[in-house]
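One structure below.
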Amino acid sequence: MTEYTPTHVGTVTKYVVVESYEVTPTDLAIRGYEISKGAMIKETCFGLVVNGKEEEVDRIVTELRKMDPDHIFVKDRGFPPGDSRRCRANLGGARPGYHGMEYEMTVIPYVSHGLEELQKRDAATVPAPKDPLEKPALDVVTLKKLIKAQES
């Protein structure tokens, strides 16, 4: 096994995933390059991979999400771009985790739709959700129906 020597010590890496009709990964990349102060930005088919000091990455991500907040999502990544342990150029084939990301991209439109719908609602008119831990008592009428159904 080849010994690994970290090249980006003290940095974090995040995916910025876009699912939007108005913003493309290229739009994100251009904006990321404009506002970056030394972070590494790599455009992908689903968005960006951003690597750098934690404060810088958080600042960039916050700024990018302003472009379309209901359609841009952020996910931590354990490895920087080009890391020999995960780079498909070294491993061949799809990068480990790619197929999981591919599946997540099929679910994200539903999350985006839910976020959009929430913004259309007035918090004062939407009832609070029922407490899932609260067990409602079984009323007598329902109990009698269940017993009668069992007897038949």
Does H71 use its side chain to pair, donor to acceptor, with the backbone of V18 at less than 3.5 Å? no

Enter the distance from S20:OG to I108:CD1 here, rounded to the nearest 0.5 Å. 12.0 Å

Ring-ring centroid check F73 Y15, cutoff 6.0 Å: no

Compare every heavy atom of A29 with every heavy atom of E43, then report the nearest pair and how far apart it is. OE1-CB, 3.8 Å

Decide whether V57 and I30 are clustered together by the hydrophobic rule: side chain heavy atoms of Ile, Leu, Val, Met, Phe, Trp, Tyr closer than 4.5 Å, transitively. no

Could you state the interatomic distance from CD (E22) to CG (D68), rounded to the nearest 0.5 Å? 5.5 Å

Closer than 4.0 angstrom, basic N to acidic O: yes or no for E56 and K53? no

Between R65 (side chain only) and I72 (backbone N and O only), is there a donor and an acceptor less than 3.5 Å apart? yes

Under the rule for salt bridge (charged side-chain N to carboxylate O under 4.0 Å, His left out), what residues qualify as partners of E54, not counting sequence neighbours? none

V12 vs D76 side-chain heavy atoms within contact, under 4.5 Å: no

Check whether any side-chain N or O of N51 sits under 3.5 Å from a backbone N or O of I41 as a donor-acceptor pair, and report yes or no. no

For a 4.5 angstrom cut-off between non-hydrogen side-chain atoms, does V50 reach M40? no

Using salt bridge (charged side-chain N to carboxylate O under 4.0 Å, His left out) as the criterion, list what pairs up with D27, not counting sequence neighbours. none

Salt bridge (charged side-chain N to carboxylate O under 4.0 Å, His left out) against R31, all qualifying residues, sequence neighbours excluded: E34, E63

Any chance the side chains of D70 and S112 put a donor and an acceptor closer than 3.5 Å? no

Residue list, side chain to side chain donor-acceptor pair (under 3.5 Å) with T106, at least two apart or on another chain: none

Looking only at heavy atoms, what is the nearest atom pair of L28 and G47, with distance? CD1-CA, 4.5 Å

Test of understanding: clusters of I, L, V, M, F, W, Y form through side-chain heavy atoms closer than 4.5 Å, transitively. Do V74 and I35 belong to the same one? yes

Residues forming a salt bridge (charged side-chain N to carboxylate O under 4.0 Å, His left out) with E117, sequence neighbours excluded: K120

Determine the minimum heavy-atom distance between P25 and C45, stating which atoms define it. CG-O, 3.7 Å

Taking ILVMFWY side chains as joined if any heavy atoms are under 4.5 angstrom apart, and letting links pass through other members, which residues group with L138? L143, L146, I147

